[in-house]
Amino acid sequence: MPRYNPAVIEPKWQAFWDQNKTFAAPTKPAEGQAKFYALDMFPYPSGNGLHVGHPEGYTATDIMCRAARMQGKAVMHPMGFDSFGLPAEEHAIKTGEHPRVQTEQNIDTFRRQLKMLGFSYDWDREIATTDVEYFRWTQWIFLQLYDTWFDEREQRGRSIGELEVPEHVAEMGDDFARTWVDEQRLAFQSEAPVNWCPALGTVLANEEVIDGKSERGGHPVVRMPLRQWMLRITAYAERLEKDLELLDWSEGIKALQRNWIGKSTGAEVDFFIGDDFEAWKTSRAKSGYPKKAGADVLRIYTTRPDTLYGATYMVIAPEHPYVERLTTSENAEEVGKYCEAAAMKSDLDRTELAKDKTGVFTGSYAVNPVNGEQVPIWVADYVLISYGTGAIMAVPAHDERDFEFAEKFDIPIQAVIQPGKHIADEDAKKILAGKVVYTEPGVAINSGEYDGLKTDGFKKKIAADLSAGGLGREAVNYKLRDWLFSRQRFWGEPFPILHELDEDGNKTGHVIAVDESDLPVDLPHLEDFKPHGRPEPPLDKAPEEWLYPVIDGVKYKRETNTMPQWAGSCWYYLRFLDPKNGEAAVDPEIEKAWMPVDLYVGGAEHAVLHLLYARFWHKVLYDRGVVSMPEPFQKLVNQGMILGENNEKMSKSRGNVINPDDVVKEYGADSLRLYEMFMGPLEATKPWNMQGVSGVYNFLGRAWRLVVDERADKLALAGNITDAEPTDAQARTLHKTIKAVTEDIAGLSFNTAIARMMEFVNFFTKQKEVPRACVEPFVLLLSPFAPHIAEELWHVLGHRDTLAYEAWPAFEASLAQDESVEIPVQVNGKVKAKVSVPAGADKDATESAARSDAKVAELIGGKDLVKLIVVPGKLVNFVVKG
RNA sequence: GCCGGAGUGGCGGAAUUGGCAGACGCGCUGGAUUCAAAAUCCAGUGCCCGCAAGGGCGUGUGGGUUCGAGUCCCACCUCCGGUACCA
């Protein structure tokens with residue numbers, strides 16, 4: 001009767017843990033107690049429920065946490081929900097039901113499924129980003145961003161109150177100064193293009209637009225500029241890149257982030273576009289290089305200032321402010337058309353059509369500051385307005401894109417780099433003739449006084465010379481863009497921002513922040529969620545009393561954009577520490593006690609954006625004294641993807657989705673947990689295999705039978721469990737297992753830890769008697785992986801309380817190895833015999849043992865011993881001749 | 001193109017710092033138990049030759065270093081993930 005039956009014991013122990021709040025985390029770790037904060041990337045509660053990918057990472061952190069508790073650490077292990085999101089809003093539009101209703105249903109499903117898997121979360125800390133009391137503090141953090149400017153010199157964010165308004169700005173009047181200050185904030189307004197779909201009457205997210213048509217319905221989508229909120233993440237680019245050094249993340253993830261930040265170093269150079277080049281040059285030599293480019297120059301950015309002499313044309317982006325000025329009347333029509341066409345293209349179109357370069361000549365020229373030569377200026381969309389200065393010098397001989405463009409438009413190609421010796425003479429000739437592009441370093445030619453300099457030295461020298469002449473300077477650029485932080489959606493956090501209105505109800509252009517004491521700004525009641533047909537956000541439909549507050553007799557309009565889904569996930573790890581605090585986002589003492597997150601596990605799809613955004617917010621909060629450490633996530637691990645049984649990505653359309661509910665029903669949560677850990681390394685991509693689940697289920701059954709007498713009518717201890725002292729072999733098996741499992745858990749090598757426990761069970765299944773002193777520690781070792789069966793077995797073994805806080809088994813080094821080891825003896829590198837030597841035998845003992853083997857003696861007898869390698873505990877190798 | 005990761009039995013995977021390749025599991029084969037089956041237990045299982053003893057081959061490919069290479073070096077191939085005109 002008492003067969004292993006997870007359907008009975010799992011709900012029983014889950015209820016026990018719930019009722020006893022077994023896994024409640026302390027407010028702070030006790031004095032002198034080590035802490036462990038393990039965080040899972042909280043899920044978006046989709047209508048489909050939990051996916052088998054979720055429990056993978058969640059089980060890994062749960063094992064770490066359960067082991068850490070048994071090792072005496074204070075453990076923080078919370079869970080919550082990233083619950084704002086498009087699907088709930090779409091459902092609301094269709095049905096008229098408030099998105100909160102469906103969101104909460106989905107959360108209930110997720111919570112039930114998570115509890116069903118036996119994770120040791122402190123559920124009293126559960127938060128959802130859609131909780132008003134949570135997003136109150138998301139709004140509060142936005143206000144910190146709004147109240148912060150970035151001091152370039154000190155490289156840190158400071159309160160806007162500490163920003164000194166320069167004289168030349170103050171002179172322009174209060175209004176001007178106020179706008180100037182607003183432009184320095186980390187949260188600022190700007191015009192940015194959105195995907196407006198007139199037919200649907202709504203703005204679409206990028207992923208809802210396919211080939212310029214709406215995903216739903218296939219209606220045309222146009223790009224139009226809209227007032228938006230931006231966050232100045234670019235100010236922190238340098239620190240976001242540099243501080244990666246502090247983190248215990250895989251090199252791959254760090255590289256991904258570095259790549260995204262995209263730091264490059266080079267030079268800015270001004271090309272004169274006026275009449276008297278010599279006079280300009282003389283004045284620049286005196287005045288130096290101005291911070292802002294004047295109207296008399298075209299400022300470019302290049303990473304290859306050593307190719308300045310090879311600049312045969314220039315390109316400005318279609319959106320460059322000088323386009324009109326630089327276009328001569330005879331080119332006006334063509335340039336105008338070109339820029340218009342470019343504006344219509346989405347970013348995607350621009351890059352997808354990248355194969356064929358396009359552009360038009362403006363009719364104007366700039367002067368190359370190093371040699372006074374006239375260089376024609378073109379407009380082309382392969383130059384992006386959002387990077388560098390939006391203008392380049394084109395060096396077709398040494399840049400692939402410029403080369404392609406020059407060939408197409410028949411622009412001269414002037415080589416200025418002699419290729420290195422690794423290039424064949426014939427190829428070098430073609431390069432020098434401008435027939436082939438060469439982008440690697442080399443030696444300067446056709447570069448006046450710089451001829452003969454190597455690329456690296458040239459770069460340094462010319463940067464210094466340009467700087468001395470006031471013509472340029474060293475410069476750094478980042479690919480990272482400022483963060484478009486507003487969405488035209490209902491189901492998101494409202495911005496705590498008010499726009500001042502004049503008497504006619506028009507915006508004056510001034511905005512004020514909602515007072516902290518007036519937070520949260522809750523979402524208004526709407527009659528329905530249907531689009532109102534204008535590009536403005538849906539909150540424009542809100543009732544007057546929400547939309548138009550009056551403060552001190554001044555009427556305001558609330559900001560109607562909402563925040564993107566990223567916002568809530570940027571700081572949830574802080575709120576978990578102090579989820580009920582009504583006075584602060586997180587208590588500083590508590591924050592200090594628990595941060596940073598010691599282990600953060602989640603999918604690689606968040607390797608760039610989520611982690612970059614969260615790190616950015618954290619740094620701002622750090623600068624403003626809200627948190628105590630520069631980085632939030634000390635160690636990061638990305639779990640690998642789980643594929644379907646056919647080795648393809650799991651998806652409904654492929655029909656290969658595995659539902660955790662079904663697996664639990666058939667095998668139990670412990671088997672699901674164990675299987676997901678046994679499949680392979682946590683970080684690897686691996687296919688599902690139901691027979692594998694049955695394999696670990698079988699193992700749990702064997703472990704069960706080791707302790708429980710299956711043939712008894714009631715739950716009873718197996719008859720061969722004794723209080724006898726373990727035999728030497730039994731003790732060694734136990735201690736080896738403890739050592740291996742302990743070390744494997746520390747190294748996140750769960751698959752091998754499970755293999756070691758299987759070996760333990762295989763060994764003891766064959767023993768006539770099983771000492772309690774062996775099986776009890778084993779149950780404790782098993783408990784982080786398969787907690788329900790472990791609790792039940794612990795109970796059967798006669799213990800009253802949960803094993804969650806039992807001391808982790810210790811091993812004795814001398815017992816954690818075999819008494820003697822068998823080592824291979826090689827002759828000329830081939831294994832010819834195996835000899836047994838005592839563990840820890842030294843070199844001489846090992847060698848004589850090898851020599852005394854009959855077969856070895858025969859093989860080496862009478863031959864010259866050329867070399868002898870003896871590695872104690874490993875092998876012996878006789879290298880002989882003759 | 002660039003960046004990152006990975007290629008090991010029929011399958012998932014293991015192998016500390018260069019030291020017995022294939023732990024553990026699945027699958028397969030045989031056996032015990034059973035009237036029979038399920039369940040359970042035991043044994044075997046990289047490939048090739050051989051009745052066997054034994055021998056040969058073997059970690060994507062080709063070279064190299066070494067007494068010894070899955071592991072280190074060089075050149076390449078394939079697959080997966082990310083990214084893409086970033087000057």
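- Residue contacts shown for A:Glu683 are absent, as no nucleic acid heavy atom lies under 4.0 Å away.
- The partner of B:C11 is B:G25, by the rule that a Watson-Crick or G-U pair needs both atom distances under 3.5 Å.
- Base orientation of B:G25: anti, since the glycosidic angle falls outside 90° of 0.
- Distance CG (A:Asn877) to P (B:G18): 18 Å, rounded to an integer number of Å.
- A:Asp399 comes within 4.0 angstrom of nothing in the nucleic acid, heavy atoms only.
- Looking at residues 753-766 of chain A, you'll see A:Ala755, A:Arg756, A:Met758, A:Glu759, A:Asn762, A:Lys766 sit with a heavy atom under 4.0 Å from some atom of RNA chain B.
- Among the heavy atoms of the strands lying under 4.0 Å from A:Ser264 are primed sugar atoms or P, OP1, OP2 only; no base atom is included.
- Taking the six-membered ring for Trp and thresholds of 30 and 60 degrees, A:Phe760 and A:Phe778 have nearly parallel ring planes, at less than 30 degrees apart.
- For the pair A:Tyr667 OH and B:G25 C1', the computed distance is 14 Å after rounding to whole Å.
- A 3.5 Å limit on both hydrogen-bonding distances identifies B:U40 as the Watson-Crick or G-U partner of B:A32.
- The ring of A:Phe699 has its center no closer than 6.0 angstrom to the ring center of A:Phe678.
- Within the 4.5 Å cutoff, no side-chain heavy atoms of A:Pro6 are placed close to those of A:Tyr667.
- Here A:Arg258 does not reach the OP1 or OP2 of B:G4: none of its side-chain N or O atoms lies under 4.0 Å away.
- With the nearest nucleotide of RNA chain B identified for both A:Tyr478 and A:Val831, A:Val831 has the one nearer the 5' end.
- For B:C85, there is no paired base (Watson-Crick or G-U wobble, both distances below 3.5 Å).
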Table of protein N/O atoms under 3.5 Å from nucleotides 77-83 of chain B N/O atoms:
none

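- B:U45 and B:G60 have their C1' atoms separated by 25 Å, given to the nearest Å.
- Taking atom P on both nucleotides, B:C80 is separated from B:G68 by 38 Å, rounded to a whole Å.
- For the side-chain hydrogen bond (donor to acceptor under 3.5 Å, both in side chains) with A:Glu56, the lone residue among A:Lys686, A:His51, A:Gln639 that qualifies is A:Lys686.
- Put simply, NZ on A:Lys686 is 14 Å from P on B:G7, counting in whole angstrom units.
- For the P atoms, the distance from B:G62 to B:G4 is 26 Å, rounded to whole Å.
- For A:Thr302, the listed nucleotide lying nearest its side chain is B:A87; candidates were B:A87, B:A14, B:C26.
- The base-pairing partner of B:C47, taking Watson-Crick or G-U wobble contacts with both distances under 3.5 Å, is B:G56.
- Both distances falling under 3.5 Å, in either a Watson-Crick or a G-U wobble arrangement, occur for no nucleotide opposite B:U65.
- Ring geometry for A:Tyr697 against A:Tyr4 counts as tilted: the plane angle lies between 30° and 60°, on a 0 to 90° scale.
- Between B:U33 and B:U71, the distance separating the two C1' atoms is 46 Å to the nearest Å.
- Classified by interplanar angle (parallel below 30°, tilted 30° to 60°, perpendicular above 60°), the ring pair A:Tyr613/A:Trp483 is parallel.
- Once rounded to the nearest 0.5 Å, the distance linking CG of A:Asp270 with CD1 of A:Ile300 reads 8.5 Å.
- In the set B:A87, B:G19, B:G27, the nucleotide with an atom closest to the side chain of A:Gln691 is B:G27.
- Nearest-nucleotide mapping onto RNA chain B: of A:Asn647 and A:Lys832, the residue sitting toward the 5' end is A:Asn647.
- Atom NZ of A:Lys736 and atom P of B:U16 are 17 Å apart (whole Å).
- A:Phe678 has its CZ atom 14 Å from the P atom of B:G12, to the nearest Å.
- None of A:Thr302, A:Thr307, A:Asp306 except one satisfies the side-chain hydrogen bond (donor to acceptor under 3.5 Å, both in side chains) rule with A:Arg304; the exception is A:Asp306.
- At the heavy-atom level, A:Gly262 lies nowhere under 4.0 Å from the strands shown.
- We find that A:Lys736 and A:Glu759 are not joined by a salt bridge, their nearest charged nitrogen and carboxylate oxygen being 4.0 Å or further apart.
- Between the P atom of B:G22 and the CG atom of A:Asn751 lies a distance of 18 Å, rounded to the nearest Å.
- Between A:Lys874 and B:G19 there is no side-chain N or O to OP1 or OP2 distance below 4.0 Å.
- Residue A:Asn828 is out of contact with every strand shown, counting any heavy-atom pair closer than 4.0 Å.
- Within 4.0 Å (heavy atoms only), A:Glu400 reaches no atom of the nucleic acid at all.
- Not one N or O on the side chain of A:Asp818 forms a donor-acceptor pair closer than 3.5 Å with the backbone of A:Val821.
- For A:Arg615 and A:Trp249, the positive end sits near the middle of the six-membered ring, less than 6.0 Å away and at most 45° from its axis.
- Here A:Lys263 does not pair with A:Glu241 in a salt bridge; the nearest charged N to carboxylate O distance is not below 4.0 Å.
- Note that A:Lys357 lies outside the cation-pi zone of A:Phe405, set by a 6.0 Å cut-off to the ring centre and a 45° limit from the axis.
- As rounded to whole Å, 18 Å separates atom P of B:G12 from atom CD of A:Glu676.
- B:C2 sits 29 Å from B:U8 when the C1' atoms are compared, rounded to a whole Å.
- Base pairing of B:A6 is made with B:U78, judged by Watson-Crick or G-U wobble geometry with both donor-acceptor distances under 3.5 Å.
- When the C1' atom is compared between B:U59 and B:A23, the two are found 15 Å apart, to the nearest whole Å.
- Taking atom C1' on both nucleotides, B:A38 is separated from B:A53 by 42 Å, rounded to a whole Å.
- Taking a pair to require two hydrogen-bonding distances under 3.5 Å in either a Watson-Crick or a G-U wobble arrangement, B:G18 remains unpaired.
- Distance from the side chain of A:Arg702 is smallest to B:C42 among B:C42, B:A14, B:G27.
- Taking atom CG on A:Asn689 and atom P on B:G27, their separation rounds to 8 Å, with Å as the unit.
- Comparing the same atom, C1', in B:G5 and in B:C85 gives a spacing of 26 Å after rounding to whole Å.
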